[in-house]
Amino acid sequence: MLKSPQNRADNISQMPGILTSETVSVAVAVPIAGAYDYLQPTGTLQAAVAGQSAAGISRGTIVTVPFGGRLVTGIVMGAGAGGVAPEKLKAIHAVAPVPTLNEAFISFIDRVAAWTLAPIGAVAKMVLSQPQALQRPPQTTLFTPAKVMPDGIRITPARQQVLDVLGDAGAMTAAELARMANVGSGVISAMAKADMLTGMQVSADRPPPPPQTDRPSLTLTDEQKAAADIMVAACGTGFHSFLLDGVTGSGKTEVYFEAVKAALDAGQQVLILLPEIALSSGWRSRFERRFGVAPVEWHSDIGNSQKRKAWRYVLSGEAKLVVGARSALFLPFANLGLIIVDEEHEHAYKQEDQTIYQARDMAVVRAHIQKCPIILASATPSLESWVNAGKTGETPRYQHIGLPNRIKGAALPAMTAIDLRQTPPERGRWLAPPLVEAIAARLAAGEQSLLFLNRRGYAPLTLCGSCGHKLVCPNCDSWMVAHKLSGQLRCHHCGHRTRPSNHCSACGQDDTMQACGPGVERLAEEVLWRFPDARFAVLSSDTVGTPKAADAFIQSVIEGDVDIIIGTQMVAKGHHFPNLTLVGVVDADLGLAGGDLRAAERTFQMLSQVAGRAGRESRPGEAMLQTLDPENQVLTCLLEGQRDAFLAMEAHARSLAGMPPFGQLAALILSSHDEKRLHATLRRLDQSRPHFTGVDIFGPAIAPIGFLKGRHRGRLLIRTDRSVDIQGILRDWLANFKPDTGVKLQIDIDPYNFL
Ligand code: ADP
Ligand code: ZN
């Protein structure tokens, strides 16, 4: 006997705000689409759709609508905008069997679209990224004993066992029941057939186990406790934003876990954003130790079935805690009570393709709309957050909470510069004598060293020693990078690959091609040559391609299988290597070149992070920076541990130039396979430029990488004072501007990438 389908969605009490208008506005999940009006479903259709109650459609209802000859999903944003005669409109096709998105979330979707100037359909597409989550989940049958046992039924011992098990445990699947009662599955089906058991259809998915908040935690230091208390007190009292500013190894994670516990204890959901695509095993095991369960994860490395479940349980409120990459910000939390953005300064929070957004900034917007606290954590805060914390004399918008000391009293690493002009390495080598000596001393003491060079592959450039011809990518304005391990030349922009040859295609000579400059693979060669007995390993996205492999690598370092680690920025992040006492930065000047607004800031952050890997436990650490320019102010601040002075200097420079965060920037990027059309569009865009006070428009110019992935590119940069409505200006300007066919226009509000 099967009861009518019971599904969570059926039981959702209807939210207030049923739309009674004849038409509703739907944000269809199509990247280039706006919102469109649709007719409300008719009475009969509505009753028939997907088990939804017939009470009506409200803002936040997820629907399927006909669009461009197919059915697409969309989100009801409100009453129809009007302007089109109702008889010309199509009707909503179906309502998805899931709860309605809440008002705060719908407002958030609106705000993201308004801020990024992305079409609302592009934002809807990010929200509805899991179409399978909108279907009825796979079903299973749970059995309970019949309320009234049918007459004349024989209760065999086996049947009695089944009833006893159910008496203790409530509803179960046939398989569970057979196992627990230790009977054959035939017994269960016979009992169901005889109406001794009642079957009930439910979702086969099981909600994730809730985090346990009553487990023992580490005893916080006084400093940690003071910080935690402030944030815990803010939970449940509306919007608060905190900048948790703690040196590497100060125990920030343990501190924000206390706020997580407070929000969970109040029955709310928590979102933790991390910049990495996948969780490090260190973070995961710390979470599991603290909360007794695995967190619900959301990033590109988890499978669709896991994502489908996560999405649904976030919406039903049963997934209490989600740890994810930036896209987790677009999950439909039912009852969000706290957001944490760890490593808030990381540029990985900026999404650069499709809808361009800065997840850290949008997280603050979401917390504000949701009226919940948000914690931005970092050892090297972004200048934006530093200014927002009132550190440059502005009115504070974030509360600054400092953790200036390392746990266990470990000192921060001593930093020194190696002046490459005075003590250069031998020709064709990259490690200078002082660094080589320091590594040798660590080897003798049984301690680990880390060599940091943010360059994948063997050599960034290959050229002909005879004619000077450089190997460049056919699709991009960039050099082909030599990769010796894989025996290839690769473009790091578009992924183009070729086989190396010793023959110069320009002058025709043989054996003239030379590798110039070092990448991590070339450093490994030098390490092998200098320290043939040392165990070394290279960590870059080429050598460890998957998060699992990266984890295994980190674990082997922690277990002491490696003496010298050679790595790109992958090693700079959050890892805790107890036995690592020396960090050598092979080229501290590398990130400072170029016209990037945040080059100095990024270099400072990256080098602080990588230096922070040294000496995190009892043995003191040391960081050595190889440079051709030790007087450079970025490096002097770093060497003297003057982080705040660096931020002040950087703030001053940006403020003078009216650059973010003291002014606003936006980039308009035009690209096309067809160079002529690109230039025609650029010219038209330039001619239509508006003129306002407090607004500067630079360009149009060919982009620094004028040819990328086979597309020609040009850009305009718009700078405005802070008081100017930059989105308003762009909206008006571009409302009537249509690029030539085959030319793509992208808007990047607050660009991080100046390529
Ligand atoms: P951060 O994120 O600030 O660099 P972590 O939160 O990673 O620091 O903490 C660094 C290390 O110190 C971790 O191994 C963590 O488990 C440990 N730790 C943090 N707080 C405490 C504490 N109160 N007592 C003991 N160990 C702690
Ligand atoms: Zn390329």
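In each ligand, atom 1 is the first atom listed, and ligand 1 is the first ligand listed. Note that the structure is a prediction, hence the values are computed from the model and not measured.
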N/O of [X] under 3.5 Å from N/O of ligand 1, yes or no?
| X | result |
| --- | --- |
| G246 | no |
| G251 | yes |
| T219 | yes |

Query raised in the report: Within less than 4.0 angstrom of ligand 1, does S250 place any heavy atom?
Result: yes
Report task. Measure the distances from the heavy atoms of L403 to every atom of ligand 1 and state whether one is below 4.0 angstrom. Result -> no
Could you tell me which atoms of ligand 1, counted from 1 in the order shown, lie closer than 4.0 angstrom to a heavy atom of [X]?
| X | answer |
| --- | --- |
| L220 | 23 (N) |
| V247 | 3 (O) |
| T248 | 4 (O) |

Report task. Answer yes or no for R326 and W298: cation-pi contact, defined as NZ/CZ to six-membered ring centre under 6.0 Å and angle to ring axis within 45°. Result -> no
Query raised in the report: Counting no waters, how many protein N/O/S atoms sit under 2.8 Å from the Zn ion (ligand 2)?
Result: 4
Report task. Begin from the C-alpha positions of D644 and K391 and carry the test salt bridge (Lys or Arg N to Asp or Glu O under 4.0 Å) through to its verdict. Result -> CA-CA 9 Å; D644 295 1; K391 294 296 180 179; over 6 Å; no
Query raised in the report: Are E343 and K252 close enough for a salt bridge, meaning some N to O gap below 4.0 Å?
Result: no
Query raised in the report: Please walk me through it: do V481 and R455 pass side-chain contact (heavy atoms from CB on, under 4.5 Å)?
Result: CA-CA 10 Å; V481 179; R455 248 203 216 130; over 6 Å; no
Query - Non-hydrogen side-chain atoms of I356 and Q351 separated by less than 4.5 Å - result: no
Query raised in the report: Pick one: which of I375, V270, L338 meets side chain to side chain contact (heavy atoms under 4.5 Å, CB included) with Y256?
Result: I375
Query raised in the report: Does N502 CG have over 12 foreign heavy atoms under 6.0 Å away?
Result: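 Counting neighbours around CG of N502, more than 12 heavy atoms of other residues, nucleotides or ligands fall under 6.0 Å, so yes.
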Query raised in the report: More than 12 heavy atoms of other residues, nucleotides or ligands under 6.0 Å from CZ of R397: is that the case?
Result: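 Not buried by this count: 12 neighbours or fewer within 6.0 Å.
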Report summary line: Under 4.0 Å between heavy atoms, the region of T253 that gets near ligand 1 turns out to be both
Query - Identity of the nearest option to atom 5 (P) of ligand 1, non-hydrogen atoms only, from Q224, E254, R286 - result: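 Comparing heavy atoms across Q224, E254, R286, the nearest one to atom 5 (P) of ligand 1 lies in R286.
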Query raised in the report: What's the verdict on salt bridge (Lys or Arg N to Asp or Glu O under 4.0 Å) for D748 and K350, showing C-alpha distance, side-chain angles and the deciding distance?
Result: CA-CA 10 Å; D748 186 354; K350 182 83 194 256; 2.7 Å; yes
Query raised in the report: Which value, rounded to the nearest 0.5 Å, describes the distance between I230 atom CD1 and I401 atom CD1?
Result: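 Between atom CD1 of I230 and atom CD1 of I401 there are 4.5 Å.
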Requested in this report: Under the ring pair (Phe, Tyr, Trp, His ring centres under 6.0 Å) rule, what do Y752 and H347 come out as? Steps first, then yes or no, please.
Outcome: CA-CA 8 Å; Y752 277 52; H347 287 202; 5.0 Å; yes
